[in-house]
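Here is how names work: the chains are called A, B, and so on, in the same order as the sequence lines, proteins then strands, and each is numbered from 1.
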Amino acid sequence: MWDTLIIAPFINALLFIYQLVGQNFAVAIILFTILIRLLTHPLMVKQIKGAQAMQELQKDPRYLELQKKYANDKQKLQAEQAKLIQELKINPFSSCLPTLIQFPIIIGLYQAITQTMASAPLQMLNLTKHIYPAVLSAADLLPLNSRWLWMDLGQPERLTIPGLSFGIPVLALIVMATTFLQGKLSMPASTTPAEKGKPDQGQMMTSMMNIYMPIFMGWLALTLASGLAIYFVASNLIGIVQYAALGRINWKNLLPSRKSQPVSRK
Amino acid sequence: MNSKKILSLISLLTAAVLLAGCAAGPLVSSWPGVYVDENTVYIANAGQVAALRSADGGLIWSYPAEKGNRYFYAPPAVGDGLVVAGDFAKTLTGLDSANGNEKWSFKESKDNWIAAPLLVGDVVLAPSADHILYALDRNGNKLWTLETGKALWSQPVSDGETVYLGSMDHKMYAADLKTGRELWSVDLGGAVLGSPLLVDGRLYVGTLAGELLALDTQNKGAELWKIQLDGALWATPVIHEDALFIGSQGGKVYRINAQSGAVEWEKDAGSPVVGIAAVVADKVVFGTEAGQVLTYNFDGTAGWTHTINGKLYSGIFASGDRIIVPVMGGDQLIQTLMADGSASWSYTPAK
């Protein structure tokens, strides 16, 4: 069912775009990523608004009052908090449900790109089974043009420079940079009020993520096919644009002299 | 940082690793590659190349001694004491056919080895997925190269003077065996997945477009005939007395007149037929994706059927009095049958 509902449609959409753009697979990956992100943009908006509403709630005087009043009675506290949430018409799932819905879409996109590159006979055989014959001709499209600029999209990317005995992983470096950039620019506001004299733990966790994720994504880009690395770069850059369109970007976070600031609402 | 946050961070990173692992799927995988002669079965699968006695399946040798990160799926080429095997780590290796000892390795390819090499006299012709046909001597030294437009998944054929090579760029190439100079090329209209068949100056070749073509090698590859079959053609056709036999991804098996290209009979195999057929005694034998070994008499009447757990993508081979059936995803890697369809030895590599 996963193949029928997600993978096959994604593969066919990707190949359709590939055919439209003159059989350039890198451009097809980028455009397909943009398309999927646009389609899931309403979910992303919902998620951000839901998260924002929950953050606002935690600063609400009534919420803080409840925490003081029922500090020793967790059950009562939860019940009263639930009443307040209902009264304020906040949906507590609105910040995580969109993420859960987007998760399989992101995995499907990732798998569709991987399967479309079909670098061995078994993968090619499976790919042909996913193609809708009424829409696309496997014989005309396959195998894909896997070369773009200096890259073979089915292989990990390395830029070979005469005189150097090793290739430079340019794309992996770009992946790391854009992942870092996206994390830094869209750093969320603290979800819990900082206690006097103690560091904001939420901010600390976010800062750690901004270090670990670029390293991890860079490692993936180093070892996986460069077509996937292109998807990572495109996804990061589109994410930045989406956040900027929603007013969730703080460019000042890039300045080295300033500590990272929470995103200001517009 | 409290334990809750640490746990969340670890969970997130673990999920990211699993996402990468699960979403990417296996990086290297295909069906077994096989070469068979009168006494020995050579099989390339996953981490090793093995030589087995065709009489009883006993292991003669396997290479490498310790499994590492090399994956072998290209059918080996064997001749005059030399076994040549390519892997998905871009390395082509020459082995002693008697004991599997490594004699040389060639590492200039920029992509995986998927097609079988061909030994022609003292020349090793090795088509790579990096679009290049490499010609090496028997010590692994490069003699010449021929570059095509796309990956090479098809074993070349040769008459001793000319090399004929099908490419995924939809073309059939002819090149001089001594120098590699391209003599001609023709566009076939579809990617060439399987090796062509060379008989009496004619090339018979199937394509991803589902077409089977006959080309005249004496007239620069001019098309003699072309027919459309049901589904992509992955395998080399086999010939018996002017009749070609081939299966298709559409689940059909065919007998075709080699001179005219007329379909003499067509049968429903029930599932895709990807591998090469074998002519055994008075029958032609096909393997299907559903694990069925189907036999037909030359007149098209059905013979015996044998079902094996697994997918039969590699094709069917004959060695001595046995039918060799490589299996993907089954209980055993090789199942052998006798000419009457009864089971003989099977082979499963040690884990």
Side-chain angles (χ1 to χ4, degrees), chain A residues 7 103-104 106-115 117-126 128-129 133 137-147 152 154-156 158 160 167 192 198-209 212-213 215-217 219-221 223-225 228 232, chain B residues 1-2 4-6 8-9 12-13 15-31 33 71 73-74 88 90 110-112 114-115 129-131 149-151 153 167-170 189-191 193-194 207-211 231-232 234 249 272 274 289 311 313-314 328-329:
Chain A
I7 301 298
F103 201 58
I106 292 166
I107 292 183
L109 178 60
Y110 192 46
Q111 286 188 340
I113 291 173
T114 307
Q115 291 188 28
M117 288 192 289
S119 57
L122 182 61
Q123 285 74 44
M124 178 70 80
L125 183 63
N126 290 335
T128 59
K129 293 178 184 176
S137 165
D140 290 340
L141 288 172
L142 302 179
L144 300 185
N145 287 328
S146 62
R147 301 221 163 144
D152 181 336
Q155 297 285 325
R158 298 288 186 277
T160 310
T192 53
K198 291 185 183 173
D200 183 336
Q201 301 223 343
Q203 287 285 348
M204 278 178 63
M205 184 168 161
T206 306
S207 296
M208 288 185 76
M209 286 298 293
Y212 292 140
M213 280 308 286
I215 294 171
F216 175 66
M217 296 306 291
W219 174 77
L220 285 182
T223 51
L224 297 177
L228 289 167
F232 294 150
Chain B
M1 184 185 259
N2 65 30
K4 216 174 171 180
K5 303 268 192 248
I6 292 171
S8 303
L9 181 60
L12 188 63
L13 286 175
V17 171
L18 288 174
L19 169 67
C22 297
L27 290 178
V28 286
S29 176
S30 196
W31 50 80
Y71 297 93
Y73 293 104
F88 278 25
K90 306 175 192 174
K110 299 176 198 59
D111 208 328
N112 300 332
I114 291 173
D130 70 359
H131 309 189
K150 285 200 179 159
W153 286 10
S167 170
M168 299 279 271
D169 67 4
H170 299 197
L193 303 163
T207 72
L208 186 63
E211 293 178 327
W234 286 76
Q249 191 176 337
V274 169
E289 183 181 79
K311 297 183 180 183
Y313 288 143
S314 306
M328 189 189 87

Quiz item: Which atoms of Leu144(A) come close to chain B, meaning under 4.5 Å heavy atom to heavy atom: side chain ones, backbone ones, both, or neither?
Solution: backbone
Self-check item: Spatial distance of atom NE2 (His170(B)) from atom NZ (Lys150(B)) [nearest 0.5 Å]
Solution: 6.0 Å
Exercise. Flag the pair Leu228(A) / Met117(A) as yes when at least one side-chain heavy-atom distance between them is below 4.5 Å, and no otherwise.
Key: yes
Quiz prompt | Pairwise distance CG(Asn112(B)) to CD(Gln155(A)) - rounded to 0.5 angstrom | solution = 6.0 Å
Quiz prompt | Heavy-atom contact with chain B under 4.5 Å, split by part of Ala120(A) | solution = both
Quiz item: Which bit of Leu125(A) is near chain B, if near means a heavy-atom gap under 4.5 Å: side chain, backbone, both or neither?
Solution: both
Quiz prompt | Residues Gln115(A) and Asn126(A): side-chain donor-acceptor under 3.5 angstrom | solution = no
Quiz item: Which bit of Asp152(A) comes within less than 4.5 Å of chain B, counting heavy atoms only: side chain, backbone, both or neither?
Solution: side chain
Quiz item: Non-hydrogen atoms of chain B under 4.5 Å away: do they reach the side chain of Met124(A), the backbone, both or neither?
Solution: both
Quiz item: Looking at Pro143(A), Ser146(A), Ala139(A), which has the largest count of heavy-atom pairs under 4.5 Å with chain B?
Solution: Pro143(A)
Practice problem: Evaluate the ring planes of Tyr313(B) and Trp31(B), with Trp represented by its six-membered ring, and classify them as parallel (under 30°), tilted (30 to 60°) or perpendicular (over 60°). | Solution: tilted
Practice problem: Check whether any side-chain heavy atom of Pro121(A) lies under 4.5 Å from a side-chain heavy atom of Tyr73(B), and answer yes or no. | Solution: no
Quiz item: If you count heavy-atom pairs under 4.5 Å with chain A, which of Lys311(B), Glu289(B), Glu211(B) comes out on top?
Solution: Glu289(B)
Self-check item: Region of Gln249(B) that comes under 4.5 Å of a non-hydrogen atom in chain A
Solution: side chain
